[in-house]
Amino acid sequence: MTTWYVLVEEDTRETKYAEGTELRLHRWKLVATRGIGPTAEEAAAEEAAAEEAAAEEAAAEAERLALQHVPAVIARHARPGDQPAREAYLTADGAWVVSVRQRGREAHVRVSVARLMHKQEESEGPPPPTWKHRLRKAF
């Protein structure tokens with residue numbers, strides 16, 4: 001059984017200067033992931049129906065996050081009770097693209113639903129040989 005995830009990405013802007021020119025670099029940064037998995041009861045039920053239910057739950061969670069997530073650049077300057085302006089677009093592939101504005105600041109958020117297809121844990125290789133070992137090997 002695959003696990004569904006809701007991915008929240010923010011458009012981060014970084015300003016760099018090169019040869020007296022200001023460069024505004026934009027890139028998408030993954031800021032949050034939420035796993036949506038079947039419960040023990042759903043896993044015991046028919047697998048296809050449980051898979052579909054998990055996908056629908058992930059889509060509903062994506063919509064909720066698209067309509068409520070406040071990007072860090074906006075939240076940093078928000079006051080309690082503030083509601084930023086928001087335009088949310090649903091793309092053909094099911095992803096949400098959201099424009100959030102407040103007090104002259106603007107941020108973009110992309111919320112999408114994805115299945116976890118592969119996961120590999122980190123593993124460390126053997127430590128490099130010591131000088132003592134290298135010298136013994138040389139002679």
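Quick caveat: nothing in here was measured; it's all calculated off a predicted structure.
Contact check for Val97 versus Thr91: side-chain heavy atoms found under the 4.5 Å cut-off. You'll find the side chain of Glu87 reaches within 4.5 Å of the side chain of Tyr89, heavy atoms only. When side chains are defined from C-beta on, His69 does not count as touching Val100, because their heavy atoms never get closer than 4.5 Å.
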Worked check of salt bridge (Lys or Arg N to Asp or Glu O under 4.0 Å) between Arg103 and Asp82: CA-CA 10 Å; Arg103 292 194 192 96; Asp82 282 354; 2.6 Å; yes

Residue pair Gln102, His77: steps toward the side-chain contact (heavy atoms from CB on, under 4.5 Å) verdict: CA-CA 9 Å; Gln102 186 175 37; His77 302 284; over 6 Å; no

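Between Ile36 and Ala54, the shortest heavy-atom contact is CG2-O, 3.7 Å. Heavy-atom minimum distance, Arg105 versus Val73: CD-O, 3.9 Å. Nearest approach of Ala88 to Val98, heavy atoms of both residues: CB-CG2, 4.1 Å. The shortest non-hydrogen separation linking Pro71 to Val109 is CG-CG2, 3.4 Å. Taking both residues in full, the closest heavy atoms of Pro84 and Ile74 are given as CB-CG2, 4.3 Å, listed atom of the first, atom of the second, then distance. Counting all heavy atoms, side chain and backbone alike, Ser112 lies closest to Glu9 at OG-OE1, 4.5 Å.
Clustering ILVMFWY residues whenever any of their side-chain heavy atoms sit less than 4.5 angstrom apart, transitively, puts Val70 in a cluster other than the one holding Leu67. A single hydrophobic cluster is seen to contain both Val113 and Leu65, as judged by linkage of ILVMFWY side chains at heavy-atom distances under 4.5 Å, directly or through other members. The hydrophobic clustering, which links ILVMFWY residues whose side-chain heavy atoms are closer than 4.5 Å, places Tyr5 and Leu30 together.
Interatomic distance, Glu122 CD to Gln120 CD, rounded to the nearest 0.5 Å: 10.5 Å. How far NZ of Lys16 is from CG of Leu23: 10.0 Å, rounded to the nearest 0.5 Å. Between the CD atom of Glu10 and the OG1 atom of Thr12 there is a distance of 8.5 Å, given to the nearest 0.5 Å. The distance from atom CG of Leu7 to atom CG of Leu116, rounded to the nearest 0.5 Å, is 9.5 Å.
In terms of the side-chain contact (heavy atoms from CB on, under 4.5 Å) criterion, residue partners of Glu106 (sequence neighbours excluded) are, by chain and number, Ser99, Arg101, His108. Under the side chain to side chain donor-acceptor pair (under 3.5 Å) criterion, Arg136 pairs with no residue, sequence neighbours left out.
Note that Arg110 lies in the cation-pi zone of Trp28, set by a 6.0 Å cut-off to the ring centre and a 45° limit from the axis.
Within a 6.0 Å sphere centred on CZ of Arg79, heavy atoms belonging to other residues, nucleotides or ligands number 12 at most. In this structure, Glu22 places its CD atom where more than 12 heavy-atom neighbours from other residues, nucleotides or ligands lie under 6.0 Å away.
Sorted by first and then second residue, the salt bridge (charged side-chain N to carboxylate O under 4.0 Å, His left out) pairs involving residues 61-76 (not counting sequence neighbours) are Arg34-Glu61, Glu61-Arg64.
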